[in-house]
Amino acid sequence: MTRPTLTQSSGPAHSRILGLGAVRGENVVTNDDVAGPIDSSDEWIRQRTGIVTRRRARADQDVLDLAEAAGRAAIADAGLVGADIDAVILSTVTYFHQTPAGAAVLADRLGATPAAAYDISAACAGYTYGIGQADALVRSGAARNVLVIGAEKMSDFIDPTDRSISFLLGDGAGAVVVGPSDTPGIGPTVWGSDGAQAQAIRQTASWKDAIENGEPWPTLRQEGPTVFKWAAWQMAPVAAKAIAAAGLTPDDVDVFVPHQANMRIIDQLIKQLKLPEHVVVGRDIADTGNTSAASIPLAIERLKREGTASSGDLALQIGFGAGLVYAAQVVVLP
Ligand SMILES: CC(C)(COP(=O)(O)OP(=O)(O)OC[C@H]1O[C@@H](n2cnc3c(N)ncnc32)[C@H](O)[C@@H]1OP(=O)(O)O)[C@@H](O)C(=O)NCCC(=O)NCCS
């Protein structure tokens, strides 16, 4: 007896980003507002991080509210409606529920049911992980239009007395729709992890330990200098690989949008990648702070709004963070 042959899916040759949406927390929090409990100062924070203000959401908003607003804006910007979306990927580390996935709730809120929906836990690389997945889903024929949302309410996980990370963090959400394209719009994703450094950015306790031992609400901590060195020195080769994998050279790049972790890391990456002067650089961290999975799309939204980056530009983006995890790719801006 001969077995029947399976049919495997196949999709369009190319994918691209069709639309972008972004929201920042409404409250502007200054360095002076956060410096007191960590014995710091406006001057120290500006010099060491480049942050002037961070944006934080209202107490009555949760991460899904931010994600929904960004998702809605991205769908409209793509000229689509919720029913056109057939997969929703939510990248977040600040959603309070282990299950069900926030993405499923969002798909319903956005009128995207019965879209496939799942969450990604890749911290500050969550957005670029999501773009890599969406590109693969579209080109494999698994989904036609994929909504990728990076959303974080980091302020739910900060200890105001922690000097290692809390003062860096902000709240926001950025979203894009990835769909089929006649021309290449998303270069190969170069991604990876290094779990041997899992302690470098971590939750202060597991939920189980916190509840069983009556420990305080778990918040984030990091080994700042360790993370700084890893990001500044080891992420440049990853970004360089993404440029080469896309068949480009640094001269071809119009826009560079690294994860918004620290202005000094951004400057070090530019130097090591030898990016030419003409490259426009995302520096949204100065006003918005580090919004983890939301930081790259928020920085792109700002460059487009301010007119320094345009639709059709080639943008190199790289996310990196807790895991440790990282992902980079070159995309054509919507
Ligand atoms: C957190 C970070 C800003 C700290 O800056 P740094 O220059 O590495 O600071 P260090 O920890 O080496 O400490 C240098 C000095 O500043 C002091 N310091 C540390 N944190 C401080 C703070 N928040 N405010 C004021 N002083 C601080 C230290 O006590 C030390 O003082 P000393 O020289 O008198 O001993 C920096 O390490 C960083 O940005 N790391 C990576 C962040 C990141 O990317 N995180 C997210 C990953 S996605």
Side-chain angles (χ1 to χ4, degrees), residues 29-54 91-94 120-130 150-152 154-155 157-172 174 191-195 197-204 219-236 238-239 257-270 272 282-286 288-299 317-328:
V29 177
T30 67
N31 290 337
D32 286 332
D33 292 335
V34 297
I38 55 171
D39 187 22
S40 193
S41 65
D42 176 46
E43 191 193 1
W44 191 95
I45 296 173
R46 280 183 199 233
Q47 273 180 6
R48 306 304 290 174
T49 72
I51 296 174
V52 179
T53 60
R54 73 278 299 130
S91 293
T92 186
V93 290
T94 50
I120 296 181
S121 175
C124 307
Y127 175 73
T128 46
Y129 261 61
E152 305 287 8
M154 302 306 289
S155 57
F157 290 87
I158 63 173
D159 166 3
T161 67
D162 161 67
R163 310 177 110 186
S164 78
I165 195 165
S166 292
F167 65 106
L168 305 170
L169 303 174
D171 304 334
W191 58 345
S193 70
D194 180 6
Q197 298 201 69
Q199 290 301 306
I201 311 171
R202 64 189 183 278
Q203 207 172 289
T204 44
T219 56
L220 292 175
R221 287 277 189 288
Q222 73 168 343
E223 293 159 14
T226 304
V227 177
F228 188 98
K229 283 181 210 134
W230 171 76
W233 304 107
Q234 294 192 42
M235 291 302 99
V238 173
V257 190
H259 168 50
Q260 305 288 293
N262 184 315
M263 205 67 92
R264 288 159 52 227
I265 294 175
I266 296 174
D267 289 332
Q268 192 54 241
L269 290 174
I270 295 168
Q272 289 189 55
R283 295 185 182 277
D284 185 44
I285 186 172
T288 308
N290 175 350
T291 56
S292 189
S295 87
I296 291 173
L298 284 176
Q317 50 187 27
I318 177 164
F320 45 82
L324 299 171
V325 292
Y326 55 87

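Both ligands and their constituent atoms are indexed starting at 1 by order of listing.
For the atom pair S40 OG and R163 CZ, the distance stands at 6.5 Å (nearest 0.5 Å). To the nearest 0.5 Å, the span separating CH2 on W44 from CG on D39 amounts to 11.0 Å. Rounding to the nearest 0.5 Å places OG1 of T288 at 9.5 Å from CD1 of I51. Atom CD1 of residue I270 and atom CD1 of residue I265 lie 12.0 Å apart, to the nearest 0.5 angstrom.
Those atoms of ligand 1 that come under 4.0 Å of a heavy atom in N290, given as number and element, are 46 (C). Listed by number with element, the atoms of ligand 1 under 4.0 Å from a non-hydrogen atom of I265 are 44 (O). Below 4.0 Å from some heavy atom of T49 lie the following atoms of ligand 1, by number and element: 3 (C). Ligand-side atoms of ligand 1 in range of S40: 22 (C), 24 (N), 25 (C), range being under 4.0 angstrom from any heavy atom. Residue H259 has at least one heavy-atom neighbour below 4.0 Å for each of these atoms of ligand 1: 48 (S). Of all the atoms in ligand 1, the ones that sit under 4.0 Å from a non-hydrogen atom of G321 are 48 (S).
Remark: atom 15 (C) of ligand 1 lies closer than 4.0 Å to no protein heavy atom. Distance remark: protein heavy atom not present below 4.0 angstrom from atom 2 (C) of ligand 1. Protein heavy atoms are found inside the 4.0 Å sphere centred on atom 46 (C) of ligand 1. Under the 4.0 Å distance rule, the nearest protein heavy atom to atom 26 (N) of ligand 1 falls inside the cut-off. There is a protein heavy atom less than 4.0 angstrom from atom 22 (C) of ligand 1. At a distance under 4.0 Å, no protein heavy atom can be found next to atom 33 (O) of ligand 1.
Looking only at protein heavy atoms, the nearest one to atom 10 (P) of ligand 1 is P225 CG, 4.0 Å. In terms of protein heavy-atom proximity, atom 44 (O) of ligand 1 is nearest to A261 CB, 3.1 Å. The nearest protein atom to atom 7 (O) of ligand 1, hydrogens excluded, is given as R48 NH2, 2.7 Å; this is a heavy-atom distance. Among all protein heavy atoms, the one lying closest to atom 40 (N) of ligand 1 is G224 O, 3.1 Å. Protein heavy atom in closest approach to atom 39 (O) of ligand 1: N262 ND2, 2.7 Å.
Looking at ligand 1, you'll find an N or O of R163 within less than 3.5 Å of one of its N or O atoms. Here's the thing with I201: none of its N/O atoms is less than 3.5 angstrom from an N/O atom of ligand 1. Remark: ligand 1 and Q222 share an N or O pair separated by less than 3.5 Å (distance only, no angle test). Checked by distance only, ligand 1 and S164 stay at 3.5 Å or farther apart across all their nitrogen or oxygen atoms.
Using a 4.0 Å cut-off between charged side-chain N and carboxylate O, R54 and D171 make no salt bridge.
Contacts with ligand 1 closer than 4.0 Å are made by side-chain heavy atoms of C124 only, the backbone lying farther away. The side chain of W44, and not its backbone, has at least one atom closer than 4.0 Å to an atom of ligand 1 (non-hydrogen atoms only; side chain from C-beta on). Contact annotation for F320 and ligand 1: only backbone heavy atoms (N, CA, C, O) come within less than 4.0 Å of the ligand.
Distance alone, capped at 3.5 Å, is enough to place a donor-acceptor pair between the T128 side chain and the A327 backbone. When atom types are taken as modelled, the side chain of R202 and the backbone of Q222 share no donor-acceptor pair closer than 3.5 angstrom. Checked by atom type and distance alone, the side chain of D162 pairs as donor or acceptor with a backbone atom of S166 at under 3.5 Å.
Residues I266 and G282 approach most closely at CD1-O, 3.9 Å, considering heavy atoms.
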>> side chain to side chain contact (heavy atoms under 4.5 Å, CB included) for L220 and L169? Distances and angles first, verdict last.
In response: CA-CA 10 Å; L220 292 175; L169 303 174; 4.1 Å; yes
> Can Y326 and Y129 be said to form a side chain to side chain contact (heavy atoms under 4.5 Å, CB included), step by step?
Replying inline: CA-CA 8 Å; Y326 55 87; Y129 261 61; 6.0 Å; no
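In this structure, R46 and E43 have side chains that are not in contact, with every pair of non-hydrogen atoms separated by 4.5 Å or more. You'll find the side chain of T53 stays beyond 4.5 Å of the side chain of V29, heavy atoms only. Contact of the Q234 side chain with the D194 side chain is not registered, since no non-hydrogen atoms from C-beta on lie closer than 4.5 Å.
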